[in-house]
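What follows is a short report on a single structure.
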Amino acid sequence: MEVSAKYNPAEIEDKWYAYWMDHRLFHSEPDEREPYTIVIPPPNVTGVLHMGHMLNNTIQDVLVRRARMQGKNACWVPGTDHASIATEARVVAKLAGEGIRKSDLSREQFVEQAWEWTRKHGGIILEQLKKLGASCDWDRVNFTMNEAYSRSVIRVFVDLFNKGKIYRGVRMVNWDPKALTAVSDEEVVHKEVQGTLYYIRYKIKESTSATGDDYCVVATTRPETIMGDTAVAIHPNDPKNARLRGKTVIVPLINREVPIIEDEYIDIEFGTGCLKVTPAHDVNDYLLGEKHCLEAIDVFNDDGTLSEKAQLYVGQDRFAVREQIVKDLDAAGLLEKTERYAHNVGFSERTDVAIEPKLSMQWFVKMGELAEPALEAMMNNEVMLHPAKFKNTYRHWMETIKDWCISRQLWWGHRIPAWYLPDGRFVVAADAADALKQAKALTKNKSLTETDLQQDGDCLDTWFSSWLWPIAVFDPEVPGSGEDVDPNIDLQYYYPTSDLVTAPEILFFWVARMLMAGYEWAGGYPFKNVYLTGIVRDKAGRKMSKSLGNSPDPLTLIERYGADGVRMGMLLTSPAGNDLPFDEALCEQGRNFCNKIWNAFRLLNGWQADSSLPQPAHSAQAGEWFRQVLRKAAADIDDDFSKYRLSEALMALYKLFWDDFCAWYLEIIKPPAGQAIDQKTLDTARLFFDYLMRLLHPFMPFISEEIWQHLNPRRDGESLMTQPQPYADSFDDSCLARFEVIRQAIAAIRTIRQMRSIAPKEPLALYVKGEADAHLFPLLQKMANLSVIVPGTPEGGCNVASFLVGTTEFLVPLGAKINLDDERLKLQADLEYQQKFVASVKHKLSNTGFVQNAPEQVIALERKKQADGEARIKAIEEQLKTL
RNA sequence: GGGAGUUUAGCUCAGCUGGUUUAGAGCAUCUGCCUUACAAGCAGAGGGUCGGGGGUUCGAAUCCCUCAACUCCCACCA
């Protein structure tokens with residue numbers, strides 16, 4: 001077999017992904033094994049893969065592959081989300097490019113356009129995931145707008161409505177004037193903006209001033225809303241505005257007479273203590289309006305331009321009007337002054353335009369009862385959050401949860417299943433036929449037809465469908481009609497899922513709501529563990545985003561470093577919940593690791609075995625040692641996984657392979673150039689390599705499969721993917737400790753060579769004074785290139801370099817190569833260090849408080865430190881004397 | 001405005017139920033090597049008074065208080 005000198009990922013990755021697919025190794029069906037399930041956080045159907053997806057899906061794949069190798073029936077369900085606002089916005093933009101406005105099309109035409117767009121772009125992201133190596137069950141791809149899934153969404157709506165948990169009402173909502181829809185509180189991002197506070201004069205009608213110039217001054221950031229003013233409010237205990245009580249003021253420009261009202265809500269200290277009240281355009285004003293029975297005058301159109309009701313500036317944009325009205329007020333002598341003022345303004349998460357608080361008729365879900373079990377689950381650890389620090393935030397949100405506005409004034413999505421009767425009443429039903437039946441019953445009018453009913457024009461919030469994801473991907477018939485008695489096998493087997501991997505930003509949007517849906521319709525929690533990833537940031541700490549253009553293209557990265565390399569790069573610095581400061585250097589490290597693995601394999605692969613050769617002692621020793629190293633590693637990695645510490649598990653594996661296996665084990669057993677290796681050692685080494693590939697596979701599936709397939713002849717269809725994962729086992733600590741002494745001695749001898757420019761090829765002699773494990777001397781001899789190892793001290797004593805490991809003294813005679821002054825300096829420095837150390841230990845031991853209070857073990861340890869230290873000092877002093 | 005979190009080597013992070021030599025890892029840096037698996041490499045080395053201050057304790061990176069800086073979440077003061 002020809003094996004190239006450099007690892008070439010592209011070819012190998014495509015080959016094995018196709019092989020896994022051809023043999024349906026990702027597919028899962030319910031059976032008698034323990035299930036392990038993950039549902040993918042469905043990306044936007046028309047989205048493209050970004051770094052956040054890369055991180056998120058790498059983690060999921062690691063978990064799924066490991067579970068699969070542990071003998072579980074692993075199922076990772078992929079799919080996409082219809083993402084109503086985002087997708088609709090894209091379709092609108094695409095049409096705009098063709099000179100078509102959304103309003104030019106009928107609803108049906110527009111929806112057909114959106115479907116076409118979805119068919120064309122949908123699923124691209126799933127193809128990209130395959131490049132990453134994602135072992136999803138591609139037979140189970142789902143979509144939140146699939147027919148079956150959609151029926152589930154509608155049934156859920158009807159069910160909630162029948163339970164009295166959905167209501168319709170006029171409320172102040174967050175209006176997005178660009179997307180022309182209401183959005184939920186969670187979709188509003190508050191940003192601080194530098195604005196202006198305008199002080200505007202409202203003339204007092206009852207003024208007794210001779211000149212008639214008696215004003216009350218109101219401070220506002222939104223002068224363009226004054227046409228909607230229906231009162232001016234003051235605090236009842238505000239002495240400086242007491243004169244205004246019971247008066248009437250005149251709204252500037254439009255000359256509407258409005259009353260002065262009194263309310264404790266008013267902050268006396270802010271501005272002038274007078275608040276203009278615009279019930280239609282501010283949430284607080286709305287509440288004040290309700291309380292004081294004020295009229296709400298909506299002066300805006302849906303697109304943020306001024307409406308007929310404003311009387312002035314009709315048709316102009318709200319921000320243009322702001323500028324203009326300030327000029328007009330000033331010209332009329334009604335602008336007292338302006339101040340710069342920083343305040344928070346809500347922006348739409350999707351379109352980034354300023355949200356307009358707006359009164360409108362919307363649908364809401366009552367959240368109180370739904371939230372209870374979802375909160376409880378997290379608090380009593382029925383569902384575990386990793387890391388747990390997000391629990392507080394979660395609790396706070398759930399305890400103060402508000403009703404959920406679920407209607408969106410969009411066409412792309414699940415249409416609200418409510419039908420209006422000619423008389424304005426409405427019915428909620430799963431379909432038009434049922435709606436008609438209900439309508440007839442309601443009106444007692446048998447001659448009603450479907451054309452008499454008008455379905456609500458709004459769509460449901462995207463999250464109103466994705467909160468059913470862990471249920472609906474297995475059984476879209478949930479919630480059942482009550483008549484359906486067949487339990488769904490898939491739902492029974494796979495639900496609840498095991499781990500959910502997602503970003504903390506959607507803890508409320510999605511995670512919390514899935515929990516609610518799980519308890520409401522599937523009888524329990526939807527997942528046992530929630531792993532929250534961090535946010536992928538660039539080197540400057542900025543969040544990676546399309547708009548900033550600071551995100552590398554994932555597919556380019558994969559081309560450059562290989563999927564395994566990129567996977568490793570993503571995972572190296574991403575402990576759960578920590579942001580990931582992404583740096584391409586990490587992928588480079590991943591690629592280098594692949595290359596290292598590849599070359600280790602080439603070395604092993606190139607060895608010729610000679611069965612007549614006996615196994616050298618050093619190789620046998622290395623085998624004994626490395627067997628223990630592997631056992632310990634498997635235990636450590638198990639422990640890391642149990643705590644969801646994937647980065648640490650991978651780092652442990654990295655060091656295991658690179659340092660322990662390559663730098664030590666392979667170097668020890670490596671036969672002299674051009675010579676054969678004994679059969680036993682080669683067999684053992686292959687076995688170790690096999691074991692290492694199993695540990696590595698969840699992280700780096702491609703290279704591990706490639707090598708595993710080369711290690712031994714395999715049957716068609718056989719794959720490392722389904723081989724057992726090594727499990728934690730006991731290991732011999734003392735064996736590891738004995739090797740450690742020898743390893744340190746070897747390193748020390750190498751340092752001696754380096755400091756004195758002695759070539760590694762030149763053999764040296766070594767004297768050992770004190771306790772040492774002679775069993776490992778052959779290994780020491782090979783690795784340090786020693787001609788002999790002799791107990792005791794060399795004759796004559798001088799011209800010796802020495803070092804200590806523990807309390808054992810090692811001496812290397814160097815003859816003329818040694819510079820006695822340098823040696824003395826080195827020993828002096830060492831002596832000083834040891835003396836300081838012993839002094840500090842002694843100090844501790846002379847503290848009566850310590851001796852009396854510290855546990856015996858701790859004191860014994862300190863005594864040993866002292867004894868060891870003193871022994872070392874003695875050895876160094878003797879060495880100094882002989883020089 | 002409220003809440004949570006972070007602060008340990010140049011960078012990214014472990015360590016934090018207080019005591020396993022005078023705090024660890026990876027990367028980066030420096031030195032010497034193209035040694036026949038790998039220069040995407042090998043062998044070495046240097047680098048931190050654990051954000052500042054105070055306290056508890058025989059003993060603090062680890063517990064408490066305080067100050068500072070940064071981050072995130074929540075929040076409608078015009």
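Naming: A, B, ... by sequence-line order, numbering from 1 per chain.
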Exercise for review: Scan nucleotides 70-78 of chain B nucleotide by nucleotide, 5' to 3', and note B when protein non-hydrogen atoms come under 4.0 Å of the base, S if they reach only the sugar-phosphate, - if neither.
Suggested key: ---SSBBBB

**Study point:** With sequence neighbours excluded, residues passing ring pair (Phe, Tyr, Trp, His ring centres under 6.0 Å) with A:F689
**Key:**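 If we apply the ring pair (Phe, Tyr, Trp, His ring centres under 6.0 Å) test to A:F689, skipping adjacent residues, the hits are A:F657, A:F661.
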
Check your understanding: Could A:R686 and A:W607 be counted as a cation-pi pair, given that NZ or CZ must be under 6.0 Å from the ring centre and within 45° of the axis?
Key ->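 No, cation not above the ring by the 6.0 Å, 45° rule.
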
Review point. What pair of heavy atoms forms the shortest contact from A:P279 to A:G289, and how long is it?
Key: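 That closest heavy-atom pairing would be CG-CA, 4.3 Å.
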
Point to revise | Residues forming a salt bridge (charged side-chain N to carboxylate O under 4.0 Å, His left out) with A:D660, sequence neighbours excluded | key: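 Result, salt bridge (charged side-chain N to carboxylate O under 4.0 Å, His left out) vs A:D660: A:R743.
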
Exercise for review: Remember a base hit wins even if backbone is also touched, and classify A:Y654 as base, sugar-phosphate or nothing at under 4.0 Å, heavy atoms.
Suggested key: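 Sugar-phosphate: the residue A:Y654, judged by heavy atoms under 4.0 Å, touches backbone atoms but no base.
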
Exercise for review: Look at all strands and tell whether A:R395 reaches a base, only sugar-phosphate, or nothing, counting heavy atoms closer than 4.0 Å.
Suggested key: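 Contact class for A:R395: none.
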
Exercise for review: Would you please test A:Y199 and A:F270 for ring-ring contact (aromatic ring centres under 6.0 Å, His included) and show each step?
Suggested key: CA-CA 12 Å; A:Y199 287 76; A:F270 191 92; 8.5 Å; no

Can you name the residues that form a side chain to side chain donor-acceptor pair (under 3.5 Å) with [X], not counting sequence neighbours?
{"X": "A:N595", "result": "A:N599"}
{"X": "A:Q744", "result": "none"}
{"X": "A:D636", "result": "A:K632"}
{"X": "A:E832", "result": "none"}

For nucleotides 58-65 of chain B, which of its nitrogen or oxygen atoms have a protein nitrogen or oxygen under 3.5 Å away, and what is each distance?
unit_1: B:C58; atom_1: O2'; unit_2: A:N847; atom_2: ND2; d: 2.5

Exercise for review: Starting from Watson-Crick (N1-N3 plus N6-O4 or O6-N4) and G-U wobble pairs under 3.5 Å, report the runs of at least three that RNA chain B belongs to.
Suggested key: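 RNA chain B stems, ordered by first number: B:1-7 with B:68-74, B:10-13 with B:24-27, B:29-33 with B:41-45, B:51-55 with B:63-67.
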
Which atom pairs, donor and acceptor, lie under 3.5 Å between side-chain atoms of residues 843-851 of chain A and protein residues at least two apart or in another chain?
unit_1: A:S846; atom_1: OG; unit_2: A:K842; atom_2: O; d: 3.4
unit_1: A:S846; atom_1: OG; unit_2: A:H843; atom_2: O; d: 2.8
unit_1: A:N847; atom_1: OD1; unit_2: A:G849; atom_2: N; d: 2.8
unit_1: A:N847; atom_1: OD1; unit_2: A:F850; atom_2: N; d: 3.3

Are any protein N/O atoms closer than 3.5 Å to N/O atoms in nucleotides 45-48 of chain B? If there are, list each pair with its distance.
none

What are the atom names and distances for every N/O pair under 3.5 Å that joins the protein to nucleotides 30-35 of chain B?
unit_1: B:U31; atom_1: O2; unit_2: A:Q754; atom_2: NE2; d: 2.9

Review point. How do A:R645 and A:C662 order along RNA chain B: which one's closest nucleotide is nearer the 5' end?
Key: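 Checking each residue's closest nucleotide, the 5'-ward one belongs to A:R645.
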
Review point. Ignoring hydrogens and angles, are the base of B:A43 and the side chain of A:E667 linked by a donor-acceptor pair under 3.5 Å?
Key: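 No, no donor-acceptor pair under 3.5 Å.
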
Check your understanding: Is there a donor N/O on one and an acceptor N/O on the other, under 3.5 Å, for the side chain of A:R750 and the base of B:A43?
Key ->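 Check fails, no donor-acceptor contact within cut-off.
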
